[in-house]
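Here the structure is a predicted model, which is why all the values come from computation and not from measurement.
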Amino acid sequence: MQEPLKPGSGPKPVGAAVRIQKTTAPAPAPGALAATVRLNKRMAELGLCSRREADDWIARGWVRVNGAPAVMGQPVAVDARIEIDRQAEQQQRQQVTILINKPVGYVSGQAEDGHEPAVVLVQPQNRWRECNSRMRWGHEQLRGLAPAGRLDIDSIGLLVLTQDGRVARQLIGEDSEVEKEYLVRVSLGLGGESSNVQAVFPAEKLALLNHGLSLDGQPLRPAQVSWQNPEQLRFVLKEGKKRQIRRMCEQVGLFVTGLKRVRIGQVNLGHLPVGQWRYLAPHERF
């Protein structure tokens with residue numbers, strides 16, 4: 001997990017404040033009013049925590065702005081000095097991010113239509129034996145553990161569950177640029193030809209999968225779609241609309257018979273077995 005931004009180095013006593021200062025914002029013109037933003041939003045923008053976490057820290061008295069105790073909902077200038085108490089940093093270090101190879105039949109988030117959420121698999125007996133994290137399992141790790149992105153019930157592969165709002169914002173925030181890679185087995189329509197689909201699939205339709213389709217009345221961002229083998233496509237997306245790949249394929253006459261997410265950012269599914277999980281290692285970054 002990422003460390004909070006902090007200038008300087010060297011040990012600090014427990015309870016000391018960690019000073020955070022952002023100085024990239026241009027100074028306002030003489031006579032102009034300085035731009036302000038809500039404190040919790042500014043803390044999220046700086047990558048310190050999520051907005052919800054910021055509100056919790058403010059309520060606990062762990063945040064100071066320009067040397068004064070922070071107040072819930074207060075506006076701050078973009079060049080304000082924000083100080084975070086060491087207790088907040090210690091709390092954040094205890095948060096976990098878990099990678100799971102979600103099986104078919106489990107939903108990503110809340111239980112629905114009788115199907116269980118993938119988080120029920122996060123139990124000690126399902127921890128991958130090759131997980132080399134020194135983190136010890138504890139039931140408190142399930143508190144607030146939520147999916148950072150969706151993977152539909154019929155799909156398998158890499159799903160991120162996290163307690164860390166910074167990770168969630170990086171993966172599913174409005175400004176996220178993190179790539180998600182999928183291997184997608186296809187046929188020509190429901191019940192159609194499933195061998196050597198590549199040979200008969202028009203090049204102009206492959207071009208549409210890369211750019212030119214819309215969903216829910218909104219144009220999709222450019223994707224990277226190419227043939228991995230005659231029956232399987234490789235998709236790389238930077239967005240994640242509901243059942244996006246399946247709906248994209250339907251628009252060009254393809255039917256998805258299998259979908260597996262194999263990478264999120266720089267983190268690969270690797271050899272993690274279906275239905276098992278591991279901790280995100282300290283050195284790994286999305």
Side-chain angles (χ1 to χ4, degrees), residues 1-23 37-74 76 78-100 119 122-124 127-128 131-149 160-173 176 178 264-267 277-286:
M1 292 178 288
Q2 294 180 346
E3 295 284 340
L5 302 174
K6 53 181 183 289
S9 59
K12 299 181 179 65
V14 173
V18 178
R19 294 183 181 274
I20 312 295
Q21 187 170 14
K22 201 74 171 179
T23 58
V37 64
R38 284 176 67 95
L39 176 56
N40 62 357
K41 181 179 180 182
R42 183 58 179 157
M43 290 170 65
E45 289 174 347
L46 291 172
L48 302 177
C49 57
S50 68
R51 294 193 194 187
R52 181 180 299 179
E53 196 171 27
D55 287 339
D56 179 56
W57 291 358
I58 294 167
R60 291 171 182 261
W62 291 350
V63 183
R64 299 176 71 86
V65 177
N66 294 329
V71 177
M72 193 75 70
Q74 80 176 82
V76 298
V78 293
D79 61 349
R81 188 179 75 255
I82 300 172
E83 301 172 273
I84 308 300
D85 193 271
R86 178 67 58 146
Q87 294 178 81
E89 183 182 3
Q90 291 172 338
Q91 182 192 70
Q92 205 167 49
R93 284 176 177 166
Q94 296 172 1
Q95 295 172 336
V96 299
T97 295
I98 285 172
L99 311 176
I100 187 168
V119 70
V122 183
Q123 295 294 330
R127 182 175 178 178
W128 189 28
C131 175
N132 55 14
S133 172
R134 295 182 180 179
M135 185 77 68
R136 297 187 64 180
W137 161 256
H139 284 285
E140 71 279 357
Q141 294 170 3
L142 296 176
R143 191 178 306 118
L145 189 66
V160 177
L161 303 171
T162 187
Q163 295 177 315
D164 193 331
R166 296 168 300 171
V167 172
R169 187 177 189 273
Q170 181 186 10
L171 298 187
I172 59 176
S176 175
V178 176
I264 298 177
Q266 301 178 64
V267 176
W277 61 271
R278 69 175 179 87
Y279 293 106
L280 182 73
H283 68 273
E284 289 182 300
R285 297 289 183 270
F286 291 105

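Residues Arg51 and Ala44 come closest through the heavy atom pair CG-CB, 4.0 Å. Shown here for Pro69 and Arg64, the closest heavy-atom pair between the two residues is CG-NH1, 3.8 Å. Contact between Pro147 and Ile172 at its shortest, heavy atoms only, is O-CD1, 4.5 Å. Between Ala70 and Leu39, the shortest heavy-atom distance links the atoms CB-CD2, 3.5 Å. Between Leu48 and Trp57, the closest heavy-atom pair is O-CH2, 3.8 Å. What you find for Leu171 and Ala148 is that their closest heavy atoms are CD1-CB, 3.8 Å.
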Which is it for Met72 and Asp55 under the side-chain contact (heavy atoms from CB on, under 4.5 Å) test, yes or no, and what are the steps along the way? CA-CA 7 Å; Met72 193 75 70; Asp55 287 339; 3.4 Å; yes
Intermediate values then yes/no, side-chain contact (heavy atoms from CB on, under 4.5 Å), Ile58 and Gln74: CA-CA 10 Å; Ile58 294 167; Gln74 80 176 82; over 6 Å; no
side-chain contact (heavy atoms from CB on, under 4.5 Å) for Asp85 and Val63? Distances and angles first, verdict last. CA-CA 6 Å; Asp85 193 271; Val63 183; over 6 Å; no
Given the rule in the side-chain contact (heavy atoms from CB on, under 4.5 Å) test, do Gln141 and Met135 qualify, once you have shown the distances and angles that lead to the verdict? CA-CA 11 Å; Gln141 294 170 3; Met135 185 77 68; 3.8 Å; yes
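Qualifying side-chain contact (heavy atoms from CB on, under 4.5 Å) partners for Arg127, counting only residues two or more places apart in sequence or in other chains: Cys131, Ser133, Trp277, Tyr279.
Put simply, the side chain of Gln123 reaches to within 4.5 Å of the side chain of His139, judged on heavy atoms. Looking only at side-chain heavy atoms (C-beta outward), Glu45 and Arg169 come within less than 4.5 Å of each other. Proximity of Glu89 to Ile84: side-chain heavy atoms (C-beta onward) are nowhere separated by under 4.5 Å.
Here the CG-OG1 distance, from Leu280 to Thr162, works out to 8.0 Å after rounding to the nearest 0.5 Å. A distance of 6.5 Å separates CD of Gln95 from CZ of Arg166, quoted to the nearest 0.5 Å.
With Gln163 as the partner, the side chain to side chain contact (heavy atoms under 4.5 Å, CB included) test is satisfied by one option alone out of Thr97, Leu142, Leu145, Ile98: Leu145.
Classification of Arg278 and Glu284 as a salt-bridged pair holds, one side-chain N sitting under 4.0 Å from a carboxylate O.
Side chain of Arg285 to backbone of Gln266: no donor-acceptor contact under 3.5 angstrom is found.
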